[in-house]
Amino acid sequence: MTSHRFQSVARKLAPLMVVMAATCHVSAQSGDSSSPLTIEQGTLEEIKTKRRARILVIRPRVVDATDAARQVAEAVHAGMVTDRRQRRAYNTIASALNSYIRKHGKIESGDPETAEYVVVFNMVRTQRILGWPYASGELFVVSHRAGVVRVLWRTDKEMIADDAVKKLIAALKVVHGVK
């Protein structure tokens with residue numbers, strides 16, 4: 001009896017699902033082509049002369065595994081701020097960078113208008129390890145000016161925020177020539 005109900009509901013919803021899928025596909029394609037944003041690749045060496053940095057944690061509703069850099073670039077270009085729900089990941093990254101600043105003094109914190117580059121954590125999910133929540137995602141360092149976003153550095157894979165910021169600090173130490 002229940003399989004008959006399921007089949008009748010499935011027959012009624014099938015045309016609606018096809019229309020929804022086609023609409024989503026068309027809107028995704030049109031969103032990509034109308035974007036005036038340019039994304040370029042750079043190196044972390046570019047931040048040697050830059051001092052003011054800003055931290056941003058984003059959690060996109062739709063995870064694009066093919067082009068995570070575009071989501072990060074659009075968030076930076078739009079001037080997004082960290083949502084209060086992602087404060088744990090933000091504080092993890094901020095405390096590690098603050099200890100680097102206290103020790104080496106190569107970076108200053110900057111507000112969105114004066115920041116020369118942005119450290120962006122693209123949060124994909126929250127993992128529970130031994131009962132504690134850990135933010136997992138990719139960490140990016142990007143600079144932006146006048147519609148051009150340059151991706152200067154990114155983690156090579158998805159990882160917990162603690163590990164990602166440790167990799168960033170190791171890369172910053174190499175760039176700034178400190179131990």
Side-chain angles (χ1 to χ4, degrees), residues 35-61 63-127 132-179:
S35 177
L37 185 64
T38 304
I39 301 173
E40 298 176 353
Q41 294 296 320
T43 63
L44 200 56
E45 294 287 328
E46 295 177 28
I47 68 166
K48 254 186 181 176
T49 59
K50 299 176 181 179
R51 293 190 55 89
R52 289 187 303 273
R54 171 172 90 100
I55 300 172
L56 174 64
V57 177
I58 60 171
R59 182 158 189 174
R61 292 178 186 225
V63 177
D64 185 6
T66 60
D67 197 11
R70 172 145 308 271
Q71 289 179 334
V72 168
E74 288 173 354
V76 169
H77 183 68
M80 287 182 65
V81 294
T82 301
D83 189 13
R84 291 176 64 148
R85 290 176 285 184
Q86 278 75 24
R87 275 305 205 203
R88 176 174 284 231
Y90 181 91
N91 289 339
T92 299
I93 296 166
S95 66
L97 286 176
N98 282 338
S99 67
Y100 177 79
I101 290 169
R102 280 192 300 275
K103 198 172 200 180
H104 304 291
K106 302 287 185 183
I107 305 171
E108 298 173 2
S109 64
D111 57 354
E113 291 81 29
T114 63
E116 295 172 318
Y117 62 96
V118 184
V119 177
V120 184
F121 186 67
N122 186 18
M123 190 168 137
V124 177
R125 60 189 163 132
T126 303
Q127 298 178 358
W132 289 92
Y134 291 94
S136 179
E138 286 184 283
L139 192 66
F140 292 81
V141 177
V142 298
S143 67
H144 63 95
R145 291 288 174 244
V148 177
V149 175
R150 293 180 59 84
V151 177
L152 305 177
W153 182 87
R154 73 186 281 183
T155 54
D156 52 349
K157 61 180 182 178
E158 175 189 336
M159 56 181 56
I160 294 172
D162 293 330
D163 298 336
V165 76
K166 285 177 187 174
K167 280 193 169 222
L168 173 61
I169 288 174
L172 287 174
K173 285 180 179 180
V174 169
V175 167
H176 291 130
V178 295
K179 292 186 179 187

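The model shown is predicted, which means the values in this text are computed figures rather than measured ones.
To the nearest 0.5 Å, the span separating OG1 on Thr92 from CZ on Arg87 amounts to 11.5 Å. Distance check: Leu56 CG to Phe121 CZ gives 11.5 Å after rounding to the nearest 0.5 Å. Within the model, atoms CD1 of Ile93 and CZ of Arg88 stand 13.0 Å from one another, a figure rounded to the nearest 0.5 Å. Between atom CD1 of residue Ile107 and atom CG of residue Leu97 there is a gap of 5.5 Å, rounded to the nearest 0.5 Å.
Across every non-hydrogen atom of Ala96 and Val165, the tightest pair is CB-CG1, 3.6 Å. Residues Met123 and Thr126 share a closest heavy-atom pair of CE-OG1, 3.4 Å. Contact detail for Gln71 and Pro60: the closest heavy-atom pair is OE1-CG, 3.6 Å. When all heavy atoms are compared, the tightest approach of Trp153 to Leu44 is CB-CD1, 3.7 Å.
Applying the salt bridge (charged side-chain N to carboxylate O under 4.0 Å, His left out) definition to pairs two or more places apart or across chains, those involving residues 42-53 are Glu45-Lys48, Glu46-Arg150, Arg51-Glu108, Arg52-Glu116.
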Pair up each side-chain donor or acceptor in residues 132-144 with any protein partner under 3.5 Å, not counting sequence neighbours, and list the distances.
{"from": "Ser136", "atom 1": "OG", "to": "Glu158", "atom 2": "OE2", "distance (Å)": "2.7"}
{"from": "Glu138", "atom 1": "OE1", "to": "Arg154", "atom 2": "NH2", "distance (Å)": "3.4"}
{"from": "Glu138", "atom 1": "OE2", "to": "Arg154", "atom 2": "NH2", "distance (Å)": "2.9"}

Tell me which donor-acceptor pairs under 3.5 Å the side chains of residues 166-179 have, and how far apart each pair is, sequence neighbours excluded?
{"from": "His176", "atom 1": "ND1", "to": "Tyr100", "atom 2": "OH", "distance (Å)": "2.9"}
{"from": "His176", "atom 1": "ND1", "to": "Leu172", "atom 2": "O", "distance (Å)": "3.3"}

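Taking Arg102 as the reference, Asn98, Ser99 meet the side chain to side chain contact (heavy atoms under 4.5 Å, CB included) condition, with sequence neighbours excluded. Qualifying side chain to side chain donor-acceptor pair (under 3.5 Å) partners for Thr49, counting only residues two or more places apart in sequence or in other chains: none. Evaluation of the side chain to side chain donor-acceptor pair (under 3.5 Å) rule for Asp83 yields Arg85 as partners, not counting sequence neighbours.
Around the CZ atom of Arg84, the shell of radius 6.0 Å holds no more than 12 heavy atoms that belong to other residues, nucleotides or ligands.
Between the side chain of Thr82 and the backbone N or O of Val57 there is at least one donor-acceptor pair closer than 3.5 Å.
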For Ile47 and Lys106: C-alpha separation, side-chain torsions, deciding distance, then whether side chain to side chain contact (heavy atoms under 4.5 Å, CB included) applies. CA-CA 10 Å; Ile47 68 166; Lys106 302 287 185 183; over 6 Å; no

